[in-house]
There are 2 protein chains.
Amino acid sequence: MSPTKEDYIKVLFELGGRFNRVSNKEVSNRLDISPPTVTEMMNSLVKVEWVEYTPYKGSILTDKGTEYAKEIIRKHRLWEVFLFEKLGFDIEDVHAEAELLEHTTSDDVADKLESYLGYPEYCPHGGAIKIDLMDMQEDYTFTISEAKAGTEVVISRIVDEEKLLKYFKNQHLNIGDRITVTDIDSSIDLITLTAEEDKEIQISISLGNYLFVEPI
Amino acid sequence: MSPTKEDYIKVLFELGGRFNRVSNKEVSNRLDISPPTVTEMMNSLVKVEWVEYTPYKGSILTDKGTEYAKEIIRKHRLWEVFLFEKLGFDIEDVHAEAELLEHTTSDDVADKLESYLGYPEYCPHGGAIKIDLMDMQEDYTFTISEAKAGTEVVISRIVDEEKLLKYFKNQHLNIGDRITVTDIDSSIDLITLTAEEDKEIQISISLGNYLFVEPI
DNA sequence: TTTAACGTTTAGGATACCCTAAATATTAAA
DNA sequence: TTTAATATTTAGGGTATCCTAAACGTTAAA
């Protein structure tokens with residue numbers, strides 16, 4: 001299907017569209033596309049049976065849509081590994097390039113690329129590459145905003161959006177880091193963590209939704 | 001610019017649009033797009049200054065258009081090398097895949113890919129990859145249809161169009177083969193060649209236009 | 001040189017995506 | 001529960017790319 005449609009279902013997937021309704025507003029914000037255009041596209045995605053849509057209520061991915069989204073995300077992550085490991089790109093730059101290449105990658109190229117890369121498990125941002133691993137990763141990890149105060153966790157994945165990557169990097173929060181969630185205060189939207197060497201870091205709960213961790 | 005426009009200037013380049021006017025008919029046939037659409041697109045390419053167009057007479061690439069076409073062809077050929085050498089694709093299949101990837105490849109990715117591949121000189125079909133080599137290749141090679149009877153030549157390049165590749169492969173004509181042009185008869189559109197082990201091969205002059213050779 | 005064949009353009013339309021402005025529905029606050 | 005804020009949709013447009021049918025130019029054969 002068209003790159004445009006692929007972008008929409010990818011975003012739906014990333015916003016949890018397998019299990020929850022995703023509002024047009026969220027999609028509109030994420031893709032920086034006007035709300036009316038999103039409404040229009042959702043109706044078009046319903047026609048190809050990738051999405052179930054209830055006006056005013058939002059969209060949910062169908063099984064078909066979910067499969068397709070996963071395939072694109074797999075291609076995206078494979079290119080990220082290639083660009084990072086083989087071509088020597090900076091980790092911050094691979095996302096934008098993969099974003100382009102993913103839409104013109106046949107299944108055949110993806111399979112051969114995966115083999116060439118040695119069947120990597122994760123992309124440079126910690127996202128699972130194998131289709132079934134994507135689900136498992138969802139089951140075993142949670143965002144730091146969902147953690148309970150006092151738990152010790154390892155950062156396993158950062159939602160790969162350029163600005164977020166830059167933000168967490170600047171906060172010295174990287175994949176593989178062990179951190180302890182000291183305090184979560186929803187009243188003031190703040191999470192307090194302790195990282196290596198007892199350094200204290202504070203981030204907002206809303207931004208914490210983009211930082212996935214797993215318990216130790 | 002858009003993938004569509006890129007396809008048009010690539011075809012103009014391949015049809016000799018740097019030096020001769022290319023008719024809309026030729027473009028229409030090559031891209032399998034209706035003549036009116038080609039007329040329309042040519043006008044649009046004039047607007048971005050990639051093409052000079054005289055109604056009813058045809059198009060010529062501007063310097064700007066030529067540069068752009070070369071960049072895309074370079075990306076195309078780099079991907080072909082990658083797909084063939086690294087991913088193990090069959091030579092017949094690389095063209096179609098490269099056709100897709102070339103449009104979503106940034107200059108940065110192309111440069112790093114070129115370096116990763118060790119700065120290859122030619123794509124698997126014998127096409128030059130470096131921009132200046134592309135011109136040189138034009139100067140030193142000619143199509144077998146332009147050869148004089150009696151000359152001995154080496155096949156250096158086959159225009160990479162799937163059907164043509166298949167055709168020449170079936171005729172046992174491959175890049176690197178030494179052949180002798182025995183006879184060229186324009187009255188019946190036929191070229192007779194002698195290949196290894198004195199095997200005789202006959203092809204039409206029109207198809208010979210897609211087989212580039214260089215003198216020994 | 002007149003005409004037939006063929007290439008090209010004009011006219012009129014379709015679809016995919018995108019937009020703004022205005023109307024409408026939903027939800028949260030008063 | 002009424003209102004105000006916010007999300008969503010409808011209405012009306014715009015551009016890029018494609019198409020067919022019909023009109024028009026060019027060229028080469030008769």
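These numbers come from a predicted model, not from an experiment. Each chain gets a letter, A, B and so on, in the order its sequence line appears, and its residues count up from 1.
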Distance in angstrom units between B/Asp32 CG and D/dC19 C1', rounded:
12 Å

Start with the C-alpha distance between B/Asp107 and B/Lys75, add both sets of side-chain angles, then the distance that settles salt bridge (charged side-chain N to carboxylate O under 4.0 Å, His left out), and finish with yes or no.
CA-CA 8 Å; B/Asp107 291 351; B/Lys75 286 170 185 175; 2.9 Å; yes

Contacts of A/Glu71 that satisfy side chain to side chain contact (heavy atoms under 4.5 Å, CB included) - sequence neighbours left out:
A/Arg74, A/Ile131

Side chains of A/Thr141 and A/Ser156: any donor to acceptor distance under 3.5 Å?
no

How long is the line joining CE of A/Met1 and C1' of C/dT15, in whole Å?
14 Å

Give B/Ser34 one of three labels, base, sugar-phosphate or nothing, depending on what nucleic acid heavy atoms sit under 4.0 Å from its own.
base

Euclidean distance, atom CG of residue A/Asn29 to atom C1' of D/dA7 [Å, nearest integer]:
11 Å

Within this structure, what is the NZ-to-C1' distance between B/Lys5 and D/dT15, rounded to whole angstrom?
10 Å

Does the side chain of A/Ser59 pick up a donor-acceptor pair with the side chain of A/Glu52 at under 3.5 Å?
no

Across the strands shown, which category fits A/Ser2 at heavy-atom distances under 4.0 angstrom: base, sugar-phosphate, nothing?
sugar-phosphate

What one-letter contact string describes nucleotides 8-13 of chain D from 5' to 3', where B marks a base within less than 4.0 Å of any protein heavy atom, S marks contact via sugar-phosphate atoms alone, and - marks no contact?
SBB---

Round to the nearest Å and state the distance from A/Ile33 atom CD1 to C/dC17 atom P.
10 Å

Could you tell me whether B/Glu99 and B/Lys10 make a salt bridge, using a distance below 4.0 angstrom between a side-chain N and a carboxylate O?
yes

Ring-face cation of A/Arg157 near A/Tyr122 (centre distance under 6.0 Å, axis angle within 45°)
no

Rounded to the nearest Å, what distance is computed from the CG atom of residue A/Leu45 to the C1' atom of nucleotide C/dT15?
15 Å

Atom-pair distance (CE on B/Met41; C1' on D/dC18), nearest Å:
9 Å

Should the pair B/Tyr116 and B/Phe82 be assigned to parallel (<30°), tilted (30 to 60°) or perpendicular (>60°) ring geometry?
tilted

Which one, C/dC18, C/dC17, D/dC18, comes nearest to the side chain of B/Tyr8?
D/dC18

Between atom NZ in A/Lys47 and atom C1' in C/dC17, what is the gap in whole Å?
13 Å

